[in-house]
Amino acid sequence: MTAPASPLSPTRATTTPMVVARGVHKSFGKTPVLRGLDLDVDAGEVVCLLGSSGSGKTTFLRCINHLEKINAGRITVAGEIVGYREAGNHLVELSEKEVARQRAGMAMVFQQFNLFPHRTVLQNLIEAPVLVKHEPKAEATERAVSMLSRVGLAGKEKAYPGQLSGGQQQRVAIARALTMRPKLMLFDEPTSALDPELVGEVLDVMRGLAESGMTMIVVTHEMAFARDVADRVVVMDGGTIVEQGAPSTVFDNPQHARTRAFLRKMG
Amino acid sequence: MSQDTQQVAQEAAYEPLRIRERFRPWSWVSTALILVVMAVLLQALLTNPNFQWDVVAKYFLSSSILKGLVHTLELTALSMLIGVSLGTLLAVMRGSRNTALSGASSAYIWFFRGTPLLVQLIFWYNLSSLYPSLVLGIPFTGIDFGSVVTNTVISPYTAALLGLGLNQAAYTAEIVRAGILSVPHGQLDAAASFGMTRGLTLRRVVLPQAMRVIIPPVGNETIGMLKTTSVVSVLAMPELLYSAQIIYARTYEIIPMLIVASLWYLLVTTVLTLIQMQIEKKYAVRGPAAEDGTFKQFVRRAWRTHASRTGTSLAKANMTGARP
């Protein structure tokens with residue numbers, strides 16, 4: 001289950017689990033989406049979730065920060081069960097405040113960016129640190145400015161999201177996620193809504209993040225990115241994991257028929 | 001040599017030509033027609049002595065009319081305040097996962113939208129015939145902290161406020177609910193993913209964005225309320241229309257007094273429209289480039305397009321970036 005140490009970054013050989021998912025089940029109404037999913041992600045590891053649409057990748061990602069409630073199993077992040085606490089042999093849902101506290105420790109980047117359109121870039125970046133983490137505004141602003149230059153958007157503080165290109169908006173969204181100092185970052189198809197020529201700038205920012213040692217779980221269709229940046233790729237189908245391993249192994253020597261079918265489709 | 005002449009000829013062909021607007025005869029004909037109709041109407045209005053414009057002028061700023069106007073403005077402001085705050089609460093309740101809360105909200109809206117305002121007003125005014133005294137205490141225990149005689153609390157003014165405000169809340173609730181629903185779900189996901197609670201998300205993310213959808217109809221409702229307040233004349237509450245009616249009941253100058261009231265309604269409506277435009281500007285979402293979606297910008301762009309079409313300032317229009 002544990003990932004093989006990546007040849008790209010030998011420093012990531014430490015095996016502190018950041019995310020542990022065990023027997024995760026999730027259905028929407030009567031439609032099962034996740035059927036007993038097990039996955040471990042180590043601190044500092046970059047994992048790409050691959051699979052055709054409907055395989056449950058995005059739903060699993062949303063279960064990790066409790067945007068979707070799981071029906072059975074458990075997910076722990078940094079040793080804490082997400083969304084529930086143990087009481088005897090039951091799991092009881094946490095209060096809204098406790099769930100919010102857990103979510104504040106991880107960050108999510110969305111396919112549709114989901115920037116707040118009524119606030120400037122700077123206001124987008126300091127909103128959560130100031131209101132959720134109660135940081136002083138000056139401190140939050142200072143960090144927001146440095147995060148913006150980190151994603152190559154220095155000087156865009158006063159722009160509104162609607163005045164930026166899709167690629168710029170997604171980079172702002174990544175900077176906004178970083179201002180929360182997350183220990184884990186979840187990416188939900190971050191480049192799928194972008195024009196082809198804008199994909200590269202977003203992937204570059206994500207590559208930089210991966211190199212800085214951020215723990216990342218990325219749902220993506222960018223095969224080249226997965227091959228280059230991921231420590232491990234996980235192929236999902238029908239709500240379970242069919243295959244996982246180092247990108248070179250999975251891409252060049254897929255073991256499962258469904259992995260082969262999926263890779264053929266992706267070209 | 002031949003290449004050179006070709007180039008010169010090409011340059012001559014690309015020399016910028018001014019665009020002249022096409023002659024549009026029908027636009028002149030329709031303009032002339034409208035002007036004639038307006039002149040006829042204006043003449044009919046001003047030269048007919050039966051309008052008694054001198055009486056209009058005499059009463060326009062009279063103290064009883066102005067007092068009535070103040071009452072109308074007060075009633076409009078306070079009942080909209082009740083309507084918007086209670087309406088927002090009802091809209092949030094309606095969206096609650098708690099069935100008791102959402103059910104109570106639905107029932108409220110069903111009842112207050114389903115009965116005539118006039119009936120509600122008269123009902124509040126006559127509350128004392130149902131409950132001669134109002135008691136504050138703990139229900140079902142017999143413990144009372146105090147009571148008042150209903151008629152000392154329910155004056156025509158409070159009955160008017162209750163009737164107008166509670167009725168307006170039912171309508172505003174639906175407007176606010178539509179506004180809340182207009183905010184994309186991804187905004188809620190994003191707010192939640194940063195650890196914002198539902199209350200914080202509502203205040204900081206949802207309502208400010210819903211405002212863009214909420215303000216135009218609420219502005220409309222406010223202007224409607226301004227005139228609906230005239231209904232409370234049935235409670236003998238001297239607002240603007242009733243103050244005019246009191247005067248013409250005495251002098252029989254019915255038409256000029258109705259004109260006095262109407263002119264004031266028109267004037268206040270104009271002011272309210274201007275205020276609404278300012279508020280809309282504040283909540284407009286900033287679009288691409290310099291566009292901010294305000295009415296003024298719309299007019300400016302329309303003018304630029306017009307200017308470039310008529311060629312009045314082609315260069316300037318191009319420099320300011322007129323878009324097709």
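This one's a predicted model, so the numbers in the text were calculated from it and none came from an experiment. Reminder, nothing fancy here: chain letters follow the sequence lines and each chain counts from 1.
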Between [atom1] of [X] and [atom2] of [Y], what distance do you get to the nearest 0.5 Å?
X	Y	atom1	atom2	result
B:Leu200	A:Glu96	CG	CD	10.0 Å
A:Arg119	B:Gln209	CZ	CD	8.5 Å
A:His118	B:Met211	NE2	CE	11.0 Å
B:Arg204	A:Gln123	CZ	CD	8.0 Å
B:Phe194	A:Asn124	CZ	CG	8.5 Å
A:Arg176	B:Ser193	CZ	OG	7.0 Å

Practice task
Could you tell me which of A:Thr120, A:Val109, A:Leu115, A:Val99 has the largest number of non-hydrogen atom pairs under 4.5 Å with chain B?
Solution key: A:Leu115
Exercise for the section: Would you please go through residues 160-172 of chain B and name the residues with a non-hydrogen atom below 4.5 Å from one of chain A, in numerical order? Expected result: none
Completion exercise
Applying a strict 4.5 Å limit to non-hydrogen atoms, the region of A:Glu127 in contact with chain B is side chain
Practice task
Please look at A:Phe116 and chain B and tell me whether the side chain, the backbone, both or neither of the residue comes under 4.5 angstrom of a heavy atom of that chain.
Solution key: both
Exercise for the section: Can you establish whether the number of heavy atoms outside A:Lys26 located under 6.0 Å from its atom NZ is more than 12? Expected result: yes
Exercise for the section: Measure distances from B:Arg198 to the heavy atoms of chain A and classify the residue's part below 4.5 Å as side chain, backbone, both or neither. Expected result: both
Handout entry: Part of residues 61-83 of chain A lying next to chain B, heavy-atom separation under 4.5 Å
Key = A:Arg62, A:Asn65, A:Leu67, A:Lys69
